[in-house]
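As the structure is a prediction and not an experimental result, all values here were calculated from the model. Per chain, numbering begins at 1; letters A, B, ... match sequence-line order. All values below come from the heavy atoms of this structure, side chains included, with hydrogens, waters and symmetry mates left out.
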Amino acid sequence: MSEPSSDKNTVLMEKIVSLCKRRGFIFQSAEIYGGLNGCWDYGPLGAELKRNLKDYWWRKHVQEREDIVGLDGSILTHQAVLKASGHVGGFSDPMCDCLLSKARLRADQIPAQSGTIWWFTGATHAESGWIVTRDYAVLAKEGEDENKARKTARQYYAQFLSDKQISPKTLDLTGERSESVTETTRFNPENGSLLTEPRAFNLMFRTQMGASSDENDENAIAYLRPETAQSIFAQFKNVLDSSRVKLPFGIAQIGKSFRNEINPRNFTFRSREFEQMEIEYFCRPEDGLRLTDEWLEARLKFYEEIGIPREHLHIVDIPDGERAFYSVKTYDIEYEFPFGIQELEGIAYRSDYDLGVHQKGSGKSLEYFDEETKERLLPHVVEPSAGCDRTALALICEAYDEETVTDDKGKEETRVVLRFSPRIAPIKVGVFPLLKNKPELVAKAREVQKLLTPFMNVFYDETAAIGRRYRRQDEVGTPFCVTIDFDTLGENGDDLKDTVTIRERDSMKQERIAIRDLRGYLLDRIL
RNA sequence: GCGGGUAUAGCUUAGUGGUAAAGCCCUAGCCUUCCAAGCUAGUCAUGUGGGUUCGAUUCCCACUACCCGCUCCA
């Protein structure tokens with residue numbers, strides 16, 4: 001994102017958030033109680049949008065393929081599963097932040113140091129009268145000059161200055177005292193600055209299961225899953241034994257996951273509760289890299305089909321050293337959000353790491369027996385893992401458009417349109433009687449509504465002028481609107497009897513179509 | 001987690017230490033033959049909790065949430 005446009009993008013994002021609330025796409029969770037940090041609720045239209053996205057994903061990747069089957073795993077997860085996967089042990093280490101450099105350090109890796117601690121209670125700047133009161137300390141190791149400690153302290157206090165022109169050197173320190181110390185781990189070895197208290201950084205939500213459970217009962221601990229993948233690996237053998245699947249094959253899952261993010265940000269983009277759409281595609285080791293590339297193409301095609309063009313996506317081939325340690329190859333698919341280019345999906349070739357750790361953890365064989373080659377092997381896996389909420393947000397951002405339209409009198413106005421692909425649009429068609437005070441028009445419109453309702457989400461509206469009703473639907477992305485007028489009733493001859501106007505959202509063009517052809521016309525365009 | 005900012009109606013904004021204003025939206029009625037028409041009427045707000053004060057939406061403090069910049073994101 002280029003620097004000059006960032007203000008514009010912030011404004012754009014604010015408009016999108018505002019539209020989402022106004023029209024019932026996305027609300028803040030528990031808003032009437034002040035909101036719950038990092039949690040969001042989908043309103044009536046958002047729920048439809050997200051459902052359409054998930055349904056299309058499921059249809060394309062599970063129902064229309066013979067090689068992928070579905071799974072719907074429990075959210076509460078056995079602690080043994082997450083111990084085996086590395087989620088419990090891996091990132092539960094307490095971390096400290098350096099108060100000066102803001103570096104984050106693992107508490108257990110800070111070397112014990114000895115020397116003199118120089119404590120301060122604050123700093124003042126005589127000339128401006130500026131004052132700060134805040135405890136701080138610097139460790140001067142044996143042989144180090146105490147003036148170095150004071151210099152470090154001035155740098156620390158200087159960060160609170162509102163006037164950045166003031167030199168740290170001109171600050172006077174207050175409340176100085178010193179004490180000698182041995183074997184302390186509370187100071188940054190790099191610069192001697194005091195660290196924050198160690199804090200646990202495991203991002204998993206932990207809970208206790210069972211009526212008699214208490215916090216001290218280790219066996220009662222369960223976790224909300226931090227990703228949907230693990231239940232697929234844990235159920236690998238059951239799926240294999242019950243479904244007659246043959247390599248290569250995939251297990252797909254859509255569901256909620258939970259991470260106690262330090263810092264939720266960017267509307268729904270980074271939430272503490274989020275939904276994933278994941279496939280674990282199992283294969284022979286020699287096919288892994290090829291399939292990773294094939295999945296990348298398949299997923300890009302999917303995004304194209306739901307209305308996110310290739311030009312707005314970025315593919316990042318994660319280089320050696322930046323991938324997770326178990327991954328042989330990883331692509332990130334990123335989207336150009338108004339707040340920056342951010343990840344929608346990761347496609348990771350994870351080798352046999354996952355099945356390996358669960359085989360080891362459970363003591364059960366997770367090997368696959370190949371009938372043709374009479375060979376036993378632990379399959380490798382390619383994982384296309386997409387964020388559902390992120391994709392829904394990308395769909396809204398991509399669809400949002402403001403258009404200047406000029407009416408017959410030459411008056412200009414702004415039309416806000418969500419240009420959703422018809423297949424994911426929350427409402428597929430609006431049905432309107434031209435006038436609401438003509439009972440024949442209303443009755444006919446209700447008939448048309450009833451005709452279409454079993455096949456798609458239809459919205460009936462009879463209030464306000466017809467143009468207003470069109471604009472209302474533009475703003476929520478409804479691709480088609482059908483209007484019942486006097487021609488429909490046969491007032492201008494039998495040729496037009498039982499025909500309606502159908503108005504297309506993007507072009508605002510209208511055409512006349514027989515009611516009996518409506519269903520087919522619409523279904524052709526929304527599937 | 002750190003630093004900065006913000007919080008008034010569904011939305012966008014006024015304003016005030018003493019009855020909180022407008023436009024848009026929405027609802028109802030009248031009217032209305034295809035792109036936010038008109039008239040009339042109506043609903044709805046000072047984020048939460050403290051403090052100062054006779055009185056706080058306004059001043060102060062804390063909290064919560066959101067936004068921006070860092071940080072973090074297995």
- Query: If you pin Gly467(A) and Pro264(A) to their nearest nucleotides in RNA chain B, which one's is more 5'?
  - Reply: Gly467(A)
- Message: Is the distance from the ring center of Tyr223(A) to that of Phe205(A) below 6.0 Å?
- Response: no
- Task: State the pairing partner of rC66(B); accept Watson-Crick or G-U wobble contacts with both distances under 3.5 Å, and report none otherwise.
- Result: rG5(B)
- Message: Taking any heavy-atom pair under 4.0 Å as a contact, classify Phe267(A): base, sugar-phosphate, or nothing.
- Response: sugar-phosphate
- Just call it for Asp474(A): base, sugar-phosphate, or nothing, with non-hydrogen atoms closer than 4.0 Å on any strand. nothing
- Message: Whether the Ser257(A) and Glu227(A) side chains hold a donor-acceptor pair (N or O, under 3.5 Å, no angle test) is what I'd like checked.
- Response: no
- Pairing partner of rC59(B) (Watson-Crick or G-U wobble, both distances under 3.5 Å): rG51(B)
- Should Asn266(A) be listed as having a side-chain N or O under 4.0 Å from OP1 or OP2 of rC66(B)? no
- Task: Establish, from distance only, whether the side-chain atoms of Glu462(A) and Tyr460(A) form a donor-acceptor pair under 3.5 Å.
- Result: yes
- Task: Provide, to the nearest angstrom, the distance between the CZ atom belonging to Arg503(A) and the C1' atom belonging to rU33(B).
- Result: 17 Å
- Query: Is there side-chain contact between Ser507(A) and Glu504(A), with heavy atoms separated by less than 4.5 Å?
  - Reply: yes
- From the list rC26(B), rG29(B), rC68(B), which nucleotide is the closest neighbour of the side chain of Lys436(A)? rG29(B)
- Go through the steps to decide whether Lys436(A) and Asp461(A) satisfy the test salt bridge (charged side-chain N to carboxylate O under 4.0 Å, His left out), and finish with yes or no. CA-CA 9 Å; Lys436(A) 78 166 169 181; Asp461(A) 193 0; over 6 Å; no
- Note on the structure: Ranking Glu491(A) and Cys39(A) by the position along RNA chain B of their nearest nucleotide, the one closer to 5' is Glu491(A)
- Query: From the list rA37(B), rA74(B), rC11(B), which nucleotide is the closest neighbour of the side chain of Ser18(A)?
  - Reply: rC11(B)
- Strand partner of rA37(B), provided both Watson-Crick or wobble distances fall under 3.5 Å: none
- Of the candidates rC66(B), rA74(B), rC34(B), the side chain of Leu434(A) sits closest to rC34(B)
- Message: Classify Gly38(A) by what it touches in the nucleic acid, base, sugar-phosphate, or nothing, heavy-atom distance under 4.0 Å.
- Response: sugar-phosphate
- Looking at rG1(B), rG10(B), rA36(B), which one has an atom nearest to any side-chain atom of Arg22(A)? rG10(B)
- Task: Would you mind classifying the nucleic acid contact of Lys438(A) as base, sugar-phosphate or nothing, using non-hydrogen atoms under 4.0 angstrom?
- Result: nothing
- Query: What does Gln28(A) touch in the nucleic acid at a heavy-atom separation under 4.0 angstrom: a base, only the sugar-phosphate, or nothing?
  - Reply: sugar-phosphate
- Among rG10(B), rC73(B), rC67(B), which nucleotide sits nearest the side chain of Glu261(A)? rC73(B)
- Output the single nucleotide from rC72(B), rC34(B), rA74(B) whose closest atom is nearest the side chain of Arg270(A). rC72(B)
- Task: Can you figure out which of rU32(B), rG1(B), rC66(B) approaches the side chain of Arg265(A) most closely?
- Result: rG1(B)
- Query: Can you tell me if the side-chain N/O atoms of Arg323(A) get under 4.0 Å from OP1 or OP2 in rA74(B)?
  - Reply: no
- Considering only rC34(B), rG10(B), rC68(B), which nucleotide approaches the side chain of Arg512(A) most closely? rC34(B)
- Counting side-chain heavy atoms from CB outward, which of rC73(B), rC26(B), rC66(B) is closest to Asn37(A)? rC66(B)
- Task: May I have the distance from Leu36(A) (atom CG) to rU64(B) (atom P), rounded to whole angstrom?
- Result: 12 Å
- Which nucleotide in the set rC34(B), rU33(B), rU12(B) lies at the smallest distance from any side-chain heavy atom of Phe486(A)? rU33(B)
- Item | Between Glu402(A) and Thr414(A): side-chain donor-acceptor atoms closer than 3.5 Å | no
- Message: When the C1' atoms of rU58(B) and rC72(B) are compared, how many Å lie between them, rounded to an integer?
- Response: 38 Å
- Message: Please tell me if Arg468(A) has a side-chain N or O lying less than 4.0 Å from either OP1 or OP2 of rA37(B).
- Response: yes
- Query: Taking N and O atoms by type only, does the side chain of Thr501(A) place a donor or acceptor under 3.5 Å from a partner on the base of rC34(B)?
  - Reply: yes
